[in-house]
Amino acid sequence: MASPPMRAFLFQLWHRSVAPLKTHTRGFGLPRRRLECRFFSTGGPGQTDHDRARAFVLERGYTPAIADGIMAALKSPGAGIPQGRLYATVQEMAGRWEVGEDAGLHSLAKSVEQELHLQEGKRLVRFHVQPPEGEPFECEGFEGMSLKGRRAILLSMHGSEDIAEYGSGEGASLLKEYIECACSGVMACSTCHVYLDASSFKALGPADEAEEDMIELAFEPAETSRLGCQLRLSSQLEGMTVTIPGGANNMFDHIPFE
Ligand code: FES
């Protein structure tokens, strides 16, 4: 198995090959890289307005199920979108996506995502988050969600998603500010490191070798350390307490890439 620094290096190589890196400052002031999926085509002869709109949504990194949900929502009579304007509408809703600005597409995708979870009968799991300073806050997410970071890599395969991006409410927004995710969830940065309460740590089961390797490199690891990008919510984690460390090590900072 590749070492964490090697995984980080390989990921950067792959990352650069599929999409440009965009860096934002958030949370602890660490860079946040957003990954855009570019495995789909938005054009092509013979494509209908619906096909082009759906392909555009897929290209923004959403799953086929979410893309279909968005199409269904926009095509409903209540949406009031004239025939032949779907593609133009999703383009407008995507806003200036190249620089990380959205004009409504992401919000609609989140609503569709929530609806899909409800249709699948997934349970909402509620938990508490203790930031390094200040008051704890409540958070919730559907079973199977990570805290942050798995969406970018796995979305196109089976729709995995995270609470920070796809959760609802103030808790999700706060979590997004407090947990960094520099490697988009491929266990190559350790910026998503969190501590769990002892019983939730036990309920989650052991981390695999790759996660253990990365935790060793995290900021002040402890016995109940886990990576937020690998943690998947389950009913056993109802009521858990997630504590955010007072700092974060970003392994991407230690890669002599250039
Ligand atoms: S997001 Fe990089 S290790 Fe979890």
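Note that ligands are numbered from 1 as they come in the structure, with each ligand's atoms numbered from 1 the same way.
In this pair, Phe137 and Tyr178 present their aromatic rings parallel. The plane angle is below 30°, not in the 30 to 60° band.
Within the model, atoms CD of Glu140 and CD of Glu238 stand 9.5 Å from one another, a figure rounded to the nearest 0.5 Å.
When distances to atom 2 (Fe) of ligand 1 are checked against a cut-off of 2.8 Å, Cys181 contributes no N, O or S atom below that limit. Taking 2.8 Å as the criterion, Cys189 counts as a coordinating residue of atom 2 (Fe) of ligand 1, since one of its N, O or S atoms falls below it. Using a cut-off of 2.8 Å, one finds that Cys183 contributes no N/O/S atom close to atom 4 (Fe) of ligand 1.
Using modelled atom types, no side-chain atom of Asp197 and backbone atom of Met240 make a donor-acceptor pair closer than 3.5 Å. Remark: the backbone N or O of Phe142 is not paired with any side-chain donor or acceptor of Lys122 at under 3.5 angstrom.
Checked by atom type, the side-chain pair Tyr87/His50 shows no donor-acceptor distance below 3.5 Å.
Remark: ligand 1 atoms within the under-4.0 Å shell around heavy atoms of Gly185 are 1 (S). Residue Ser190 has at least one heavy-atom neighbour below 4.0 Å for each of these atoms of ligand 1: 2 (Fe), 3 (S). Proximity to Met187 (heavy-atom distance under 4.0 Å) selects the following atoms of ligand 1: 3 (S). Near Ala188, the atoms of ligand 1 lying under 4.0 angstrom from a non-hydrogen atom of the residue are 3 (S).
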Given Lys75 and Gln83, is the side chain to side chain contact (heavy atoms under 4.5 Å, CB included) satisfied, shown in steps? CA-CA 9 Å; Lys75 287 170 86 171; Gln83 200 170 6; over 6 Å; no

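Geometry at atom 4 (Fe) of ligand 1: SG/Cys192 and SG/Cys229 form an angle of 100°, nearest 10 degrees.
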